[in-house]
Each structure stands twice: as structure tokens, then as C-alpha cells.
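Heads up: the structure comes next, in C-alpha cells.
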There are 4 protein chains.
Amino acid sequence: MADEQRSAARRRQIFQAAAVVFARQGYHGARMDDIVKESGLSKGALYWYFKTKEELATGLVHQMLSAEKHGMDELMAAPRPAAERLEELVRGFARELTKDPDKAPLALELLALAQNIPDIRACYSVHHEQYTECMRTLLLEVCEAEPDAHAEAARRADAAALALASAVDGLTLRWTLARTAFDLEEKLWEVVQVIVRGLLSHPAA
Amino acid sequence: MADEQRSAARRRQIFQAAAVVFARQGYHGARMDDIVKESGLSKGALYWYFKTKEELATGLVHQMLSAEKHGMDELMAAPRPAAERLEELVRGFARELTKDPDKAPLALELLALAQNIPDIRACYSVHHEQYTECMRTLLLEVCEAEPDAHAEAARRADAAALALASAVDGLTLRWTLARTAFDLEEKLWEVVQVIVRGLLSHPAA
Amino acid sequence: MADEQRSAARRRQIFQAAAVVFARQGYHGARMDDIVKESGLSKGALYWYFKTKEELATGLVHQMLSAEKHGMDELMAAPRPAAERLEELVRGFARELTKDPDKAPLALELLALAQNIPDIRACYSVHHEQYTECMRTLLLEVCEAEPDAHAEAARRADAAALALASAVDGLTLRWTLARTAFDLEEKLWEVVQVIVRGLLSHPAA
Amino acid sequence: MADEQRSAARRRQIFQAAAVVFARQGYHGARMDDIVKESGLSKGALYWYFKTKEELATGLVHQMLSAEKHGMDELMAAPRPAAERLEELVRGFARELTKDPDKAPLALELLALAQNIPDIRACYSVHHEQYTECMRTLLLEVCEAEPDAHAEAARRADAAALALASAVDGLTLRWTLARTAFDLEEKLWEVVQVIVRGLLSHPAA
DNA sequence: GATGAATGAGCCTTCATTCAT
DNA sequence: CATGAATGAAGGCTCATTCAT
């Protein structure tokens, strides 16, 4: 029992260190020795918990996406109007990235691994689906909440959800690589508005 | 003159080989020897044209994004309605990716390099701006072409262009990593329609 | 007392496990963890009984050669004609190797260690001497039992004993590494006969 | 052409270094860096010629056994009586081992590898067969040369050849590991005489 | 310009051994 | 006595780059 807690703590400690080093140096630029040093553990300890560098990266992706999923589920269950939850979902996402400057580079780094590490690819693939599904659910609720909604809207929800989820990813990517910094949260919110408007607009438009 | 042609041919030959190997093994998984073998040249020859692996990757990014830019400009200059050009821009993009299964992995691989190689980062950053600008121009033309347009639309063009450009990137990313294959062209077109509708919808909506 | 029995049992348990793992993976290919797992004990327990891997190997050699010596002595003391005891010594040796397919590889593996581990080298050196001496004793008895013996024979016993002992080792080695399996007991017996005949043959021959 | 010579020279250079280091430290105790240093080449050069440590060892075994085979064939073809050739074969073998104190430990070290490296095992297996066959040929010639030979002798040649070959190996092993040094050549010659006498002795004996 | 042998710093991983509990 | 997490020195191998020819 105490062992399990200790073990879990160690794993978190290692993930934390790996996150810092991967963000700073990239996955391939990170030496296991760097992670060892950053974690404060010994090399043997690190390898006791993760058999390879790849397994460490895979575990980190699992952990990060799980945390994100958890936050998503929590927000979805909140007793607030769908529109507010949607706004908060997007703004919260932007705020976290903006607050922690390591997060975006780390995410992109891990995303790039997805092509070569099937387990990570699967994680991201599932996460993309879940994120899109979440958007779809919210958008449908938004439609229903709209007084003069129309039948068309519900049918457009799939495309809008995909547009929304994709745009969030794509814009975040741009923000991460942009020469000229911009306010991610604001731009993201504008993008959301355009897409929601596209969802709700009357067929005639 | 003949030398220059020869030289240019060699460079193209090397880019071609690098593209194949990077797509297959990733940048870090690709050894210079692999590219040498794929190119049919010798190691010395390769290093004659590119002083380092990084320079080769950077050159490849330049070449690819230049080609894309060129295609974009050509399409933009075509004597066709803006809506048609927009559709063709997006569909053409999807068609090319679908046709050549190496292209998307290669692009993601090079994109990931942007974080560590400033020159590549700059290339992508500029390209993103140009792509967004292109979208903005097309969307504005679409607004103008719309008989029923309203003042609001032009002001929304920026956000819609960003949404569009981002969504194209984000959706392509999803398509590249998806467990379950889907029709990129079709989904992309649905996304475009949602966003264009959002752009044109009346304020009341 | 019960402790000593327990301790001896543990040591035997560990020797047994080490024998299996060394035979399967070789000394250098065997990890202490493998022996731990095979023994069913814990790592700490193993290190309680043997301070190092080398000590474990050394102990195993001691045990194995002691057992062999014991068997030899027992057979030597049997109330049977020398010729029969010689035959049984060789045949019994072959039978045991043939019965347990792990034994020969294990023996060769440990023999190879002799070069680097002085203690093991000494063990084998002594054992070789004892084995040769045993052969010499038997051969002398065989000479004496021979009605038709001649003075020459006794003087040849040293060489014949060395030839016999060496041939047994060398043939066993060949049998252990041979591509094409052969009947060790039979070949060994043929070899013994040739050498005994050489011992007894008249000078004129 | 010059390249091939250079390449062959390099390989010989590396074999030479590996032989020295393997003899001194054993295969497992030898670090590639030690061989690199001993060879005077660089690590990259070593790995250019041998992809792994195992491949290097395998190559070395090939080379050594080939050389031995070559010497054997040469001696066999010499225009001398069989008995002399047999004596020279054995004495020459002993003389070489005695002259170069590294040779025997090296041979035993490589022999031990045979159990774990199939390629080396095959080499030794074949070599054993060839050596035995060589002995058999010589012994048959010796029988034929004997004026009062008898039919029995030829039939015993197989067993005698095996005894001889095995005894040479076994005695060499004892000599290599012995606490108390002895004269290999002399002992070997005594052993040969016993076995040859066993071969030629009349059935009555 | 072209060739490919040669360089050597670097890195992931292993594993015998230790020790707090 | 027993446990298994922790240690860290060591080593086989890679690969971008160089350079004599």
C-alpha cells in the first residue's frame, strides 16, 4: 500500500522530469542522463520504472492525455449552460498553454512521436475522437438551447464539431510556431464564434 | 550552365530521396547513409550539396513550401469565382495528400523539426501567414460576390480565415494519425462549408 | 541444526537454479535475476548465501566435482574386477551425460571459467589429476590381472592413463559440440578398448 | 585491387589485436575499446569491418581454424612416411602452443563461445571432423606400411583416430589448465605411441 | 566533383551489487 | 533472514561528419 503510493510518486516524479527535459530539448535531444539529473533519482531507478526511453515517452503521453480527458469530463459535467462550458473549455485550454510555456512545445514534440510509436499514435487518435465527440455534444446542447433553432443545425453538428476540434489544434500549432506572438485565447474565441455561427445560421444564409 | 542544370538535378534527386526516407523513418530515424543509398549517389556527393543533415532538411522544407506557395498563387490568379477557387484550393490539397501516402507523414515530421531548427520554424511561420492571408482574400471576395452580404461579414473575415486555415491543418493532422481512415477531401469540404456559413450568416442568427 | 539443514537446502536450491540457468544461457549470459527467478528465492536471499556471482559459480564447480569424485571413489572401492570397474566408470559417465542434456553444456561453460577464476582452475586441475590417477590405478590392476602381462605394461600405465583421461574429456567435448549427434557411450568404449589394447600389447607388436 | 589488399590487411590487423586481447582478458572481459586501442585503429574503423563483437570473434575462429586446416593439409601432402607425418603433426601442434603462450588460452576461450554462437560451433564441429579424418588417413597409411599388419587393424582405425584426436584435445586442455606445468610435446607423443600400439597390436594380445 | 573508408564523441541500456525496511 | 527498490559504472554500438585519394 505504502509501496504503491511510493511507486506512483516516483512515476510522477519521473514524468515531471521527462516533461521538462522533453520540452526543453525535444525527445531526441533529451538524454536519459538529463532526465535522471532533472528527476533527482538514479539511472537505475529510472529504468526500474520505465524499461526504455520510448516507454517513458509513451507513459507520459498517457498521463497527459488522461489528465486532459479528466478535465474535459469534469467540465462537461458542470451544471452550467452548454455555451458557457464550450467557452470555458476552449478558454481554459488556451489559458493553460499560455500560463505554462513548456506545455505547447512538449505537446508538439510528443505528437511528432506518434508517427513512429504506435502506442502514442493510438493515444492521440483516441483523444482526438474523444475531443471531437465532446465538442459535438456541447454543440448539440447549444443548438437545443437556442430558441429559434432549426432542424438543419443538428445535422451540421458533426461537421462543426470536427471543424472546431481541428481548428483548436491547428491554431494552437500556429501559435506554438508563430514568429509573432499573439493572444491564443482571444483568437481561439473568435474562431469558436465563427464556427458556432456557422452551425446556427439559417439555411437561407 | 550545364553545370547548374546538373547541380539542380542533383539537388532535386537528393530532396526526392530525403523525402522518401524522412517519410518512412522520420528525420531522426533517417541515417545519412539511408539517404545516400536511396539517392543512388555517394556520401561525398551528398555532402557536396548539403553540408549537414539539418541543411538538407531545411532545404527540403523550403522546396516543399515554395512549391505549395506556387500552387496557391497560381490558383489564386485563376479567372474563376472566389468560391470555386476556395473549394479547389482545399480539395486540391486533400487530393494531393490522399494520392501520395508519403506526403502527410513527411510534412508532420518536418513540422516537428520546426521547434528545434529556427530556419524551418521561420519557413512554417511565414507559410502559415501566407496561407491564412490567402484564405482571407478568398473569403473577402466571396463576401463581395454575395448579393446579400452585410457589413459584418468583412469584419469577420480575419477570424474566418484563421479558422479555415487552422482547421485545414488540424484536420489534416487528425487524418494523418487517425486509427480509422476517413475521406479527407469530403470532411475538409464540410468543414469549409460550416466556416463559410459562419462568415456569411446574418448578425441576427 | 534445523538452521543448518535449512541453509544447506537453500544452497542446494540455489545451485540447482544456477546449474539450469548457466547451462541454458552460459555464465556470462546468466543474470543474477534469472537465477533468482529460477530458484524461487529473492535476490536478497541469494546474496545472503553467495556474496558474488563468481562465488556462486565457484561453489557450483566444487559441488559438481565433489559429487563426481565421490562417485569415482565409490566405484573404485567396489569389489569387482578392475576391467569391469573401468568399463563402468566410462560407461556411467557417458550415461549420465546422455541422460541429462544440460550437464555437458554446463560443464563446458564452467570449464571455460577456469581460465579467469583461479579457484575454479585449481578445482579442475586437481580433478584432472585425480581422474588420471584413478585411471592409472585401474589400468595397473588390469595389467596385474592379465595372466599374460609383461613388465613393459606397468611402465606404460602412466601414458595410457593420461591418454585415457584425456580422450574421455576430448571426446566428450566433441560430443557436446558435434553437429551430428553420435552415441557417446559406444564411441567412448571403443576408445577405451584401443587404449587398453595399446597398454597390454606386447613390445614386439 | 589495392583496396582489397588494404581491406584484407585491416582485417588481419584487427584479428591480431582481437587475438591478443581475447587471450589476455577473455572474450567477455575484452572491451571493444581495448581491441580498438590494441589495433591502433579507430572504433569506427573496427566497426566498418566487423558489425558486432560476435562477428569479430566468429571471423577470428574462421581464420584460426582455416590456418590450422591449411597447415594440416600441407603436412599431409608432404612426401614422407605416414608415421613421420603423424609424429610431426602432433609435435608441431604442441610446439606451436608451447612457443606462443597466448594461443592455448585463446583457443579455449573461443571454444567456450561455441556453445552460444552457432557459427563458431559449426566451425569447431567441422574442424573436429576434419582433424579426426586426417588422423584416420594417417593411421591407415601407418597400418599399410607395417609389414606384419593384420586385417583387424584397418577396422580399428576409426576408433584409434577418434581416440587420438580426442586425446590431443583433452591433453591440451589439461596442459592449459594444469597447476603444475608439464612438457606438452613429450606427453602428447607418449599418448600417440600408446594409441598407435593399440591400433597395431595383434588380436591375440 | 566524387568516392567510401575512417573518425570518435555520444548514448541507451544492462546488471552485479547494496541496503533500508 | 528476507525483500526488492535503488545504485551507477561500464560497454556495445551508432552515425553525422571528414578527408585522403
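Order of the sequence lines fixes the chain letters, A, B, ..., with proteins taken first and strands second; residue numbering starts at 1 for each chain.
- Figure legend: cation-pi geometry between Lys53(A) and Tyr27(A), with NZ or CZ positioned under 6.0 Å from the six-membered ring centre and within 45° of its axis.
- Each salt bridge (charged side-chain N to carboxylate O under 4.0 Å, His left out) pair with one or both residues in residues 104-118 of chain C, not counting sequence neighbours, would appear here, but there are none.
- Projected onto DNA chain E by closest heavy-atom contact, Gly40(D) and Gly40(B) fall at different nucleotides, the more 5' of which corresponds to Gly40(B).
- Summarising the geometry of Leu56(B) relative to Phe50(B), their closest heavy-atom pair is CA-CD2, 3.7 Å, with the distance given to 0.1 Å.
- Taking the nucleotide of DNA chain F with the nearest heavy atom to each of Arg10(A) and Leu41(C), the more 5' of the two is matched to Leu41(C).
- Judged by distance alone, with hydrogens and angles left aside, the side-chain atoms of Asn116(A) form no donor-acceptor pair with the main-chain N or O of Leu113(A) at under 3.5 Å.
- When the P atom is compared between dT21(F) and dG1(E), the two are found 23 Å apart, to the nearest whole Å.
- Between Tyr49(A) and Arg11(A) the shortest heavy-atom distance is O-NH1, 3.6 Å.
- Side-chain atoms of Thr176(A) never come within 3.5 Å of backbone atoms of Pro105(A) as a donor-acceptor pair (strictly under, hydrogens ignored).
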What dot-bracket string describes DNA chain E from 5' to 3', counting Watson-Crick and G-U wobble pairs whose defining distances are under 3.5 Å, with [ ] for crossing pairs and | for pairs to another strand?
.||||||||||||||||||||

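- With contacts defined as side-chain heavy-atom distances shorter than 4.5 Å, the pair Asp102(C)/Phe22(C) does not qualify.
- Using a 4.0 Å cut-off between charged side-chain N and carboxylate O, Asp34(A) and Lys37(A) make no salt bridge.
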In B/S/- notation, 5' to 3', how is nucleotides 8-15 of chain F contacted by protein heavy atoms closer than 4.0 Å?
BBBSSBBS

